[in-house]
Asks: 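The following block contains the structure, expressed as structure tokens.
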Amino acid sequence: MGELAFLIAERVGLIILLAFILVNIRPFRRLLLDATPANLFKLALIFSAFAIISNLLGIEIDPDNHIMRETILWHVTPGYSVANVRILAVTVAGIVGGPGVGGLTGLVAGTHRMMQESWAADAWFYIVSSTLIGILSGMLYHKNQRHFVVMPPWQGFLISLVMESIQMAFVGLFSPTHLKLVNFIALPMIVISSTGTAFFLMILSLYFRQEVDTRAVQTRSVMKLAVKTLPAFRHGLQAESAKQVASLILEYTDFDAVGIGNNEKNAGLCWSWQRSSLS
């Protein structure tokens with residue numbers, strides 16, 4: 001079991017690395033911040049890709065619970081089983097995207113898992129269990145109209161424990177080796193995958209918290225700038241007051257030049273300064 005735990009931890013580590021790369025991509029963050037139907041569908045596609053990768057990196061196990069050494073698991077030998085972290089991707093999909101995203105991700109993940117067994121009749125339960133888990137985890141999705149809300153990692157850990165346990169129940173009831181397989185894979189899969197879910201949510205939480213803090217600093221700077229520029233315009237827009245405001249704007253920003261005008265079509269006033277001319 002120690003070897004299996006190590007192999008599962010390797011797979012979880014790879015998924016977490018992919019999550020770290022993904023959260024640093026601006027278009028992905030936009031999908032989380034703007035929960036339109038189109039964006040939710042894109043999220044489902046992204047997490048489905050995670051789930052398929054998890055299936056392909058699965059660990060094949062023979063009926064006697066011996067671990068097979070396969071780098072990429074394109075096909076599962078009839079009668080063999082697989083330990084993977086597919087449910088991690090499905091659970092996170094539901095938590096961050098809702099039941100629609102989680103359910104669709106689970107459906108794709110379960111279908112691909114059944115496809116690995118060449119559509120074997122005894123592999124149908126993967127579709128049902130993965131879809132159910134995606135929907136259930138999605139029911140715990142928190143939607144805020146103003147910003148993306150990340151579930152606390154410890155809650156994600158507990159939810160993942162439950163979802164992985166549901167998967168183990170399906171495996172115990174419907175897999176060819178039943179409880180023999182569950183006794184071998186349950187503990188490492190449940191604990192390590194749940195830890196991976198917590199880390200995945202932690203990465204999202206830390207990144208969005210940093211983004212909120214950055215926006216707060218920017219807002220504070222804008223407010224300070226507004227307070228300092230108001231007295232300069234107390235007597236209207238004039239060359240001297242415009243120059244004072246331009247100096248303040250250049251002080252609080254990294255702009256190379258500033259232009260100030262009154263936007264009037266007739267007899268409009270406009271001045272501009274470069275940083276070098278005011279320094």
Asks: Does V76 share a hydrophobic cluster with I53, counting links as ILVMFWY side-chain heavy atoms below 4.5 Å and allowing steps through other members?
Replies: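 Different hydrophobic clusters.
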
Asks: Got I185 and I59 here, is their nearest side-chain heavy-atom distance under 4.5 Å?
Replies: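 I185 vs I59: side chains apart.
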
Asks: So do the side chains of T36 and F41 get within less than 4.5 Å of each other, counting heavy atoms only?
Replies: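 No, every pair of side-chain atoms sits at 4.5 Å or beyond.
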
Asks: I'd like to know whether CH2 of W119 has more than 12 heavy-atom contacts from other residues, nucleotides or ligands below 6.0 angstrom.
Replies: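 Correct, the count exceeds 12.
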
Asks: Please check: side-chain N/O of D62 versus main-chain N/O of M68, any donor-acceptor pairing under 3.5 Å?
Replies: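 Not a single qualifying donor-acceptor pair exists.
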
Asks: Who are the side-chain contact (heavy atoms from CB on, under 4.5 Å) partners of S194, not counting sequence neighbours?
Replies: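 S194: side-chain contact (heavy atoms from CB on, under 4.5 Å) contacts with F157, S160, L161, E164, I190.
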
Asks: According to a hydrophobic-cluster definition based on side-chain heavy atoms being under 4.5 Å apart (Ile, Leu, Val, Met, Phe, Trp, Tyr only), do W154 and V12 belong together?
Replies: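 Yes: a chain of side-chain contacts under 4.5 Å links W154 to V12.
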
Asks: Might you point out which heavy atoms bring P188 and I8 nearest each other, and give the distance in Å?
Replies: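 Of all heavy-atom pairs spanning P188 and I8, the closest is CB-CD1, 4.0 Å.
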
Asks: Mind checking whether Q116 and L56 have side chains closer than 4.5 Å, heavy atoms only?
Replies: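 Answer yes - side chains close enough.
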
Asks: Which atom pair, heavy atoms only, marks the closest approach of L181 to S81?
Replies: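 In this case the closest contact between L181 and S81 is CD2-OG, 3.2 Å.
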
Asks: Going only through I, L, V, M, F, W and Y residues with side-chain contacts under 4.5 Å, is there a path from V82 to F50?
Replies: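 No, no single cluster joins them.
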
Asks: Can you check whether N84 reaches R113 side chain to side chain, under 4.5 Å on heavy atoms?
Replies: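 Side-chain contact under 4.5 Å: yes.
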
Asks: Give a yes or no on whether the backbone of L57 and the side-chain of R11 come within a donor-acceptor separation of less than 3.5 Å.
Replies: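 Checked: pair present.
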
Asks: How far apart are the closest heavy atoms of G94 and S137, and which atoms are they?
Replies: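 Answer, listing the atom of G94 first, then S137: CA-OG, 3.6 Å.
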
Asks: Could you pull out the closest heavy-atom pair between Q167 and F125, with the gap in Å?
Replies: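 Smallest interatomic distance, heavy atoms only, reads NE2-CE1, 4.5 Å.
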
Asks: Test of understanding: clusters of I, L, V, M, F, W, Y form through side-chain heavy atoms closer than 4.5 Å, transitively. Do I46 and L40 belong to the same one?
Replies: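 Result: yes, single cluster for both.
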
Asks: Any donor and acceptor pair, going by atom type alone, linking the side chain of E60 with main-chain N or O of T77 inside 3.5 Å?
Replies: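 Side chain of E60 to backbone of T77, a donor-acceptor pair under 3.5 Å: yes, one is there.
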
Asks: Ignoring hydrogens, what is the shortest heavy-atom contact between A93 and V101? Give both atom names and the distance.
Replies: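 Shortest heavy-atom contact: O-CG1, 3.6 Å.
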
Asks: Just so I know, are the side chains of Y80 and I61 near enough to count as touching, which here means a heavy-atom distance under 4.5 Å?
Replies: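 The answer is no; the side chains never approach within 4.5 Å.
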
Asks: Without swapping roles, check the side chain of S205 against the backbone of L201 for a donor-acceptor pair under 3.5 Å.
Replies: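 The answer is no, because no donor-acceptor pair under 3.5 Å joins these two groups.
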
Asks: Side chain of D34, backbone of N39: donor and acceptor closer than 3.5 Å?
Replies: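 Looks like no, no N/O pair under 3.5 Å.
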
Asks: Are any of the side-chain heavy atoms of L32 and R29 separated by less than 4.5 Å?
Replies: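 A side-chain contact under 4.5 Å is absent here.
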
Asks: Please name the pair of heavy atoms, one in I127 and one in T111, separated by the smallest distance, quoted to 0.1 Å.
Replies: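 It is CG1-N, 3.6 Å.
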
Asks: Apply side chain to side chain contact (heavy atoms under 4.5 Å, CB included) to the pair V108 and I52, showing each step before the final yes or no.
Replies: CA-CA 8 Å; V108 172; I52 290 173; 4.0 Å; yes

Asks: Can you tell me how far the OG1 atom of T91 sits from the CZ atom of F200, to the nearest 0.5 Å?
Replies: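 The distance works out to 11.0 Å.
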
Asks: Who passes side-chain contact (heavy atoms from CB on, under 4.5 Å) against L136, sequence neighbours left out?
Replies: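 Only L132, M139, M163, I166 meet the side-chain contact (heavy atoms from CB on, under 4.5 Å) criterion with L136.
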
Asks: When rounded to the nearest 0.5 angstrom, what distance separates CD1 in I67 from CZ in F184?
Replies: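 I67 CD1 to F184 CZ: 4.5 Å, rounded to 0.5 Å.
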
Asks: Output the distance between atom CE (M168) and atom OG (S129), rounded to the nearest 0.5 Å.
Replies: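 One finds 9.0 Å between CE of M168 and OG of S129.
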
Asks: How long is the gap from CE on M114 to CG on D122, to the nearest 0.5 Å?
Replies: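 Output value for this atom pair is 8.5 Å.
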
Asks: For the residue pair H178 and V182, establish whether any side-chain heavy-atom pair is separated by less than 4.5 Å.
Replies: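 Side chain of H178 against side chain of V182, heavy atoms only: no contact under 4.5 Å found.
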
Asks: OG1 of T177 to CG of N183: how many Å apart, nearest 0.5 Å?
Replies: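 These two atoms lie 10.0 Å from each other.
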
Asks: Between the side chains of R86 and S130, does any donor sit under 3.5 Å from an acceptor?
Replies: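 There is such a pair between these side chains.
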
Asks: Under a 4.5 Å cut-off applied to non-hydrogen side-chain atoms, are V96 and M151 in contact?
Replies: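 With C-beta onward as the side chain, the pair stays apart.
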
Asks: Quick check for you: to the nearest 0.5 Å, what is the distance between L14 atom CG and S54 atom OG?
Replies: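 L14 atom CG to S54 atom OG measures 8.5 Å (nearest 0.5 Å).
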
Asks: Taking a hydrophobic cluster as the set of Ile, Leu, Val, Met, Phe, Trp and Tyr residues connected by side-chain heavy atoms closer than 4.5 Å, whether directly or through intermediates, do L140 and I133 fall within one such cluster?
Replies: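 Both belong to a single hydrophobic cluster.
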
